[in-house]
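Before any comments, here is the structure.
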Amino acid sequence: MLIIGPPGSGKGTQAARISERLGVVAISTGDIFRDNVKRETPLGVEAKTFMDAGDFVPDSVTNRMVRDRLAADDVQEGFLLDGYPRTASQVAELDDILRENELALDVVLQLTADDEELVRRLLGRAELDGRSDDNEQVIRHRLGLYHDQTAPVVSRYDERGIVTRVDGIGTIDEVTDRVMTALKVAR
Ligand code: AMP
């Protein structure tokens, strides 16, 4: 399954909980990039400038990383992809990767929240975590990219009838309850 939502919608937090409850591996492209940035790997060095500006890391880098990750044995029993695909061309790439690995998507979970709530949350996270892409200008840019590029991704999956929407406003537990209920219905 995929989890899609604007920055600050809590997709990473919910992905970790879903992964634990359903026993499927959670793969976050943002986490993989941040880990590489921290370890100063060539991938991290390449990604950092884009991430700090709130831009998407180029497809040439991102697609290769996802392709390698989805070829691993631990995804064969199910996986939860968080933060990918974010563009229409990544949707096409993911279709290819899944076909090659004889995998298929069951559910696309979309977390929703309005922009002003997201900005408030992300500015709060900036104080707690010190993420270099959590300042107001970059936050608004990331939200803009989500609306322009990632909303059409959801439309593609909507056409396939596999999208389930969950309201991301509420406590973490409330949202998890909604997610688990929605997934039971969707399965
Ligand atoms: P996230 O943790 O999902 O908010 O991702 C943090 C940052 O990582 C994004 O702002 C992008 O710079 C980069 N990133 C994560 N996933 C992707 C993706 N699918 N395509 C391009 N860039 C990505």
Side-chain angles (χ1 to χ4, degrees), residues 1-19 25-71 75 79-98 105 108-113 115 117-126 128-157 166 168 172 175 179:
M1 63 176 281
L2 308 180
I3 184 163
I4 300 185
S9 59
K11 58 191 164 64
T13 305
Q14 297 301 333
R17 291 181 157 212
I18 299 165
S19 151
V25 58
I27 301 167
S28 155
T29 46
D31 280 352
I32 299 175
F33 281 134
R34 278 185 290 279
D35 177 58
N36 277 276
V37 169
K38 204 162 74 195
R39 292 187 290 117
E40 298 179 349
T41 67
L43 178 73
V45 171
E46 209 167 348
K48 187 176 179 357
T49 332
F50 297 98
M51 294 175 77
D52 284 349
D55 286 324
F56 291 154
V57 178
D59 279 357
S60 54
V61 178
T62 308
N63 290 341
R64 190 170 6 103
M65 184 177 90
V66 173
R67 183 175 284 279
D68 289 347
R69 185 63 189 86
L70 289 180
V75 303
F79 63 90
L80 166 57
L81 199 48
D82 159 11
Y84 184 97
R86 268 171 147 96
T87 64
S89 74
Q90 290 182 2
V91 173
E93 181 76 14
L94 181 61
D95 283 341
D96 273 356
I97 296 172
L98 294 179
L105 289 179
V108 174
L109 180 76
Q110 184 185 27
L111 281 184
T112 60
D115 280 9
E117 167 71 16
L118 294 168
V119 172
R120 260 196 307 277
R121 283 191 189 179
L122 288 167
L123 289 173
R125 181 169 82 183
L128 291 174
D129 298 359
R131 248 176 76 161
S132 55
D133 55 354
D134 279 345
N135 65 71
E136 183 155 358
Q137 192 193 348
V138 172
I139 288 168
R140 292 204 182 271
H141 178 59
R142 284 157 58 212
L143 280 171
L145 279 182
Y146 179 80
H147 293 303
D148 292 348
Q149 309 261 351
T150 309
V153 168
V154 179
S155 308
R156 298 269 167 119
Y157 292 120
V166 168
I172 293 174
V175 178
V179 166

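Numbering of ligands and ligand atoms starts at 1, following listing order. Just so we're clear, the structure is a prediction, and the values are computed from it rather than from any experiment. Worth knowing before you read on, the calculation uses all heavy atoms, side chains too, and leaves out hydrogens, waters and symmetry mates.
- Of the possible donor and acceptor atoms, one in the side chain of Arg142 sits under 3.5 Å from a partner among the backbone N and O of Asp133.
- Listed by chain and number, residues touching ligand 1 at under 4.0 Å (heavy atoms only) are Lys11, Thr29, Gly30, Phe33, Arg34, Met51, Asp55, Phe56, Val57, Thr62, Gly83, Tyr84, Arg86, Gln90, Arg131.
- Every side-chain contact (heavy atoms from CB on, under 4.5 Å) that Arg67 has, sequence neighbours left out, goes to Glu93, Asp96, Ile97, Glu100.
- A donor-acceptor pair is defined here as one N or O able to donate and one able to accept, closer than 3.5 Å; no such pair exists between the side chain of Ser19 and the backbone of Val25.
- Applying the side-chain contact (heavy atoms from CB on, under 4.5 Å) rule to Glu117 yields the partners Asp114, Arg120, Arg121, Ile169; only residues at least two apart in sequence or on another chain are considered.
- Every side-chain contact (heavy atoms from CB on, under 4.5 Å) that Val119 has, sequence neighbours left out, goes to Leu123, Glu136, Ile139, Arg140, Leu143.
- Looking only at distances, no side-chain donor or acceptor of Gln137 sits under 3.5 Å from a matching main-chain atom of Ala53.
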